[in-house]
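The structure under discussion appears below in the form of structure tokens.
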Amino acid sequence: MANLSLRHVYKVYPSRDKGPSFFKRLFSKKAREQAHTNQDFVAVKDFNLEIGEGEFIVFVGPSGCGKSTTLRMIAGLEDISAGELYMDDQLLNNVDPMDRDMAMVFQSYALYPHLSAYDNIAFGLKIRKAMLPKIDKDGNHVLDENGEEVLELRHHNKKEIDEKVQWAASVLGIQQLLNRKPGEMSGGQCQRVALGRAIVRGPKLFLLDEPLSNLDAKLRTSMRSEIVKLQQRLGTTFIYVTHDQVEAMTMGTRIVVMKDGVTQQIDTPVELFNHPKNLFVAGFIGTPQMNFFDASLICDSKKAKLTFVDGQTLSLDLNKLPSLYDQYKDGLAHAIKVGVRAEHLKVSKTGIVMKVTMSEILGSTTQVYANLEGADKDTIISILGNTTLKVNDDVVINFDEEHVHMFDAESEETILG
């Protein structure tokens, strides 16, 4: 197991445009004028994170947010432009990837197609030396004068390799696949073999870069639980990258939400869901996505009055709302965005009126889509069981006040404590 510390880490890719080519200079005046306007691309900005032993950390965010780049910097596959990376108080910035005692599982399985599953798992053990007990000519471990094993840098022997491969196969439930080649296995089986190749090394840290993205939905669900069980059994620190917030919520002990190379929030799944720091986190975490309403907020001592884009109003009890920042209780109008999840909207006799646009029956629940006049997007309302609401019907909805989120319209930061 390992403690990992990332301190003010940056990754900058220099601009490739060093000036217009001869062709551009000759034929394009616009290209000449804009030749030097391209800026260096900052993929990761001031990333800070402390990871404890045995944690399951998930990096999540949309494509291009810098999560895989950060993982690759930890692995040593990308240079760190600025900042420091420590593992167990050892600075790793200039340590070669092979000397970092980490194992990485990629999005593609990266198995050798001509080797069996057994040989794929054993490959790293065969080629890499490690500090192992010294063995005499009779196959016994050599002991020093204190009765402790003497270690030496050497390759694993056949017996040690077989023991490790069989152990990994039993942990992953792939004993019956060891003689098969990758072309004879399913995607989930290949992913288990890739995991087996990683765990036989016994590294201090596991890095997983979207390992389930190539699998079908049902298999991804089962593999999620298998990876979590594996981490709990090994007790090793895992860092997992995904763009799927469902994977993040179900797997991580802590989640790092990223956008445009910047960390938005680091927290437990429950805290991210219940107390998002800003509008992006609120919209990214949760299925279906949180509903947002543009509104004007005016507060008095007891009520928070919301006026929506179509002029309808709704009063909320301040005592039931999460603590509202004092600067928004001045009695003046403030432009905000109100966020409410589908399950926290309720059909009521009083509230705001919307028009039903469609509904989706999901078995135990029905998701009703309704439009507030003047709003850009439909509102999703989750109703238990079936509903008699039809397209073009009017529906009156109200908010569960204890689960309302509010964000400043300009800064997009939460205004609730």
Side-chain angles (χ1 to χ4, degrees), residues 249 265 267-356 364-385 387 389 394-417:
M249 292 290 287
Q265 188 170 348
D267 225 322
T268 64
V270 172
E271 285 298 308
L272 281 176
F273 187 84
N274 291 329
H275 305 290
K277 181 181 177 182
N278 57 38
L279 195 71
F280 174 78
V281 176
F284 193 83
I285 299 296
T287 303
Q289 187 183 46
M290 184 183 289
N291 299 297
F292 295 109
F293 305 89
D294 291 314
S296 174
L297 170 69
I298 299 177
C299 286
D300 59 27
S301 59
K302 294 182 179 180
K303 295 289 184 180
K305 181 182 177 182
L306 300 174
T307 304
F308 298 93
V309 290
D310 64 347
Q312 294 190 70
T313 61
L314 190 65
S315 290
L316 304 178
D317 188 344
L318 275 179
N319 293 324
K320 293 183 179 180
L321 282 174
S323 178
L324 182 67
Y325 292 167
D326 289 339
Q327 60 263 41
Y328 295 89
K329 298 178 182 179
D330 55 8
L332 301 177
H334 297 272
I336 67 166
K337 289 185 179 289
V338 183
V340 189
R341 300 194 185 277
E343 60 270 26
H344 298 143
L345 290 173
K346 49 192 176 184
V347 178
S348 176
K349 293 181 180 179
T350 60
I352 54 177
V353 181
M354 299 184 181
K355 193 170 288 293
V356 175
S364 60
T365 61
T366 301
Q367 289 186 357
V368 176
Y369 291 72
N371 183 257
L372 180 69
E373 187 176 351
D376 295 332
K377 291 183 178 181
D378 284 349
T379 298
I380 304 175
I381 310 157
S382 184
I383 299 174
L384 285 175
T387 179
L389 291 170
D394 285 339
V395 58
V396 181
I397 67 165
N398 211 324
F399 299 166
D400 182 346
E401 292 163 307
E402 295 180 355
H403 296 94
V404 170
H405 303 269
M406 295 182 183
F407 306 92
D408 186 89
E410 185 175 351
S411 69
E412 298 188 348
E413 296 292 315
T414 184
I415 63 174
L416 297 176

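Just so it is clear, the model here is predicted, and its values are computed rather than measured. Numbering of residues begins at 1 and proceeds along the displayed sequence.
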Please lay out, stage by stage, how K302 and L318 fare under the test side chain to side chain contact (heavy atoms under 4.5 Å, CB included).
CA-CA 5 Å; K302 294 182 179 180; L318 275 179; 5.9 Å; no

Side chain of N398, backbone of T350: donor and acceptor closer than 3.5 Å?
yes

Value rounded to 0.5 Å, distance of CD in E402 from CG in L321
9.5 Å

Are more than 12 heavy atoms from other residues, nucleotides or ligands located less than 6.0 Å from atom NZ of K305?
no

Greater than 12 external heavy atoms within 6.0 Å of K277's NZ
no

Is the side chain of Q289 donor-acceptor paired with the backbone N or O of G283 at a distance under 3.5 Å, no angle test?
yes

If you take all heavy atoms of T414 and P276, which pair is closest and at what distance?
CB-O, 3.9 Å

So, taking the atom named CZ in F273 and the one named NE2 in H403, what distance separates them when rounded to the nearest 0.5 Å?
8.5 Å

Which residue is it: D378, I397, D310, N291? I am looking for the one with a side-chain contact (heavy atoms from CB on, under 4.5 Å) to L372.
D310

Can any side-chain N or O of E401 pair as donor or acceptor with the backbone N or O of K320 at less than 3.5 Å?
no

Does the pair D294/K337 count as a salt bridge with the N-to-O cut at 4.0 Å?
yes

Exactly one candidate in I298, L297, V404 meets side-chain contact (heavy atoms from CB on, under 4.5 Å) with L306; the answer is L297

Are any side-chain N or O atoms of Q312 and backbone N or O atoms of V353, one a donor and one an acceptor, separated by less than 3.5 Å?
yes

Output the distance between atom CG (D394) and atom CE (M354), rounded to the nearest 0.5 Å.
11.5 Å

Report, as yes or no, whether the 6.0 Å neighbourhood of atom CD on Q327 holds more than 12 heavy atoms from other residues, nucleotides or ligands.
yes

Between CG on residue L389 and OG1 on residue T366, distance to nearest 0.5 Å:
9.5 Å

Using modelled atom types and a 3.5 Å cut-off, is there a donor and acceptor pairing between side-chain atoms of N278 and backbone atoms of E412?
no

Minimum heavy-atom separation for H334 and D330, please, with both atom names.
NE2-OD1, 2.9 Å

Once the angle between the rings of H405 and F407 is folded into 0 to 90°, is it parallel (under 30°), tilted (30 to 60°) or perpendicular (over 60°)?
parallel

Are the side chains of C299 and L324 in contact, using a 4.5 Å heavy-atom criterion?
yes

Kindly give the heavy-atom pair with the smallest separation between P322 and L416, and that separation in Å.
O-CD2, 3.4 Å

Would you indicate whether K303, at its atom NZ, is surrounded by more than 12 heavy atoms from other residues, nucleotides or ligands within a distance under 6.0 Å?
yes

Counting only heavy atoms not in E271, do more than 12 fall under 6.0 Å of its CD?
yes

Separation between CE (M406) and CG (L279), nearest 0.5 Å, reads 13.5 Å

Heavy-atom closest contact (V396 atom, G351 atom, distance):
CG1-N, 3.5 Å

I need the minimum non-hydrogen distance between N319 and D317, along with the two atoms involved.
N-OD1, 2.9 Å

So, do F293 and V309 sit near enough that their side-chain heavy atoms are less than 4.5 Å apart?
no

What distance separates T379 OG1 from Y369 OH, expressed to the nearest 0.5 Å?
11.0 Å

So, the side chain of R341 versus the backbone of S382: is there a donor-acceptor pair under 3.5 Å, distance only?
no

